[in-house]
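Being a predicted model, the structure only gives us computed values, none of them experimental.
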Amino acid sequence: MRNLRAKLVLLLAFQLAANTIPGVQARQSLATEPARATRDWVRDGVIYEIYPRAFSSQGNFNGITARLDDLKDLGVTILWLMPIHPIGQEKKKGTIGSPYAVRDYYGINPDYGTKEDFKRLVTEAHNRGMKVLIDIVANHTSWDSVLMKHPEFYVHDSQGRITYPHDWSDVAKLNYDNPDLRRYMTDMLKYWIREFDLDGFRCDVAEEVPTDFWENARVELERVKPDIVMLAEAHKAELLRKAFDFDYSWPLHSALTNVLQGRDRASVLRDEWGKEFREWPRGALHMRFSDNHDERRAIARFGELAALAASALMFTLDGIPLLYNGMEVGDTTESGAPALFEKLPVFWPIAERRPEFPRFYKQMIALRKSSTALRRGSLEWLRTSDESRVLSFVRHSQDEEVLVAINLSNLPFSGTIEVGKAAGYRDITPNVGPPQPPDAPPTESTRPSPPVDMPAIKLDAWGYRIFRRKLRLQTNFRIRGALPLNVGTGGR
């Protein structure tokens, strides 16, 4: 009993101390506030990141425009183009330089085409019902930027020299203490919306630019075009109160890599999700991803089957899923540094050897579009009989439940999910077939769907299964008998 009292006293002391720590107080305060309202086309979206230099053999806007029908057929709704501005050459990295070393925020990289080419790309995307975002690099510029004629726009070191952020020696850091810089950057953002009818921005290193700058800029941008979206390359809760519609779920991505590479338990993904849910504003949205231009390709990090398992998770969790160009064919062409500074086009013909990849992504996107629960439903985690390897959760909406089970290991799983009654579930797992040998004929898989026998379930190595149950609107749509480990609402 004395030990119990001592533990309770220590716990109370810890809680009281935590409440006096500014960082803890700030997170708790943010979690009680609502995130900014987000339009349906954002919540229902599927984002496709394009590196214009790598997307096509031409490496330009016209190469993207030529493939818009393919992207539309895949199910993509939002295009995000990595920086399209002229690239700085002073202190550049690699042969061509980084697209994130911007020389002129008002210019277009001549390698990509002209203003007319870009306007045509945006118009043609809009004609197909797709939105277009461009990357904005507001934290830093190239060393030969047109803004260097205003040295007061930059951060200086103790010797008075312009300095750079982190170890990014090819760029110079901007100083947002300067009101003239703030005005310049806000006007620049308005220019791109007004002149090209863009639908918003993905904002690079957004957490290192003052939050109040983004909040004030958002107000002015919405006067030009109310129906825009802003994505923060950041994981900072305060950004989602007023400035941004959604951010990067970096900790979840890091946990995914650790799990799939055997360094951590599958349950840490649930833990990271829970931390986001508890500390971010209510209703906050996050971009879910397993691959992007900053990382080694998912197929290289995880292997073919595990890369698909990772995408199965990212496309069924709450939030907005991302595809990086080439993922849909299983492309392995690197694009992160140092490849970021060279021209390495996506090898599209690899789809011939990995036909299960385009089938998977097309079916998974179609499944998400057909499901209110997957696009906007709440999320409830379920216990499994092996939490070190298998994740399971349910997405709830008023008219359906979607249950997901994913084996994040290279060993088959035969066990249970604590789901209570499983009556009425139908297996809707994308039927993409096994990896194909090079000489396999181009036939669709005819593998029959396994029976629904929960709570017992079997999963192949890196296997996943998805089930749907329709509900009557007047029915309580929580799963009876499930363990309410974490429940999110309103798109969380």
Salt-bridge present (Asp187, Arg183; N to O < 4.0 Å)
yes

Regarding Arg128 and Asp73, does a basic nitrogen lie under 4.0 Å from an acidic carboxylate oxygen?
no

Determine, using ring centers only, whether His140 and Tyr164 are less than 6.0 Å apart.
no

So, Trp80 and Asp135: side-chain donor and acceptor under 3.5 Å apart, yes or no?
yes

Heavy-atom closest pair (Ala138 atom, Leu174 atom, distance to 0.1 Å) is O-CD1, 3.4 Å

What's the verdict on salt bridge (Lys or Arg N to Asp or Glu O under 4.0 Å) for Arg270 and Glu387, showing C-alpha distance, side-chain angles and the deciding distance?
CA-CA 10 Å; Arg270 184 182 68 212; Glu387 303 242 299; 2.8 Å; yes

Ion pair present between Arg297 and Asp291, side-chain N to carboxylate O less than 4.0 angstrom?
yes

Which of Trp250, Tyr248, Trp280 passes ring-ring contact (aromatic ring centres under 6.0 Å, His included) with His235? It is Trp280

Salt bridge present between Asp44 and Arg368 (N-O < 4.0 angstrom):
no

Hey, would you say the Phe196 and Trp192 ring centroids sit under 6.0 Å apart?
yes

Would you say that more than 12 heavy atoms from the other residues, nucleotides or ligands in this model lie under 6.0 Å from the CZ of Arg301, or not?
yes

May I ask you to say whether Arg43 pairs ionically with Asp245, meaning some side-chain N is under 4.0 Å from a carboxylate O?
no

Counting N and O atoms only, with roles assigned by atom type, does the side chain of Arg202 sit under 3.5 Å from a partner on the main chain of Ala232, one being a donor and the other an acceptor?
no

Taking the side chain from Ser371 and the backbone from Leu367, do they hold a donor-acceptor pair closer than 3.5 Å?
no

Do the two ring centres, one from Tyr106 and one from Tyr184, sit under 6.0 Å apart?
yes

Heavy-atom pair of closest approach, residues Asp199 and Lys131:
OD2-CA, 3.3 Å

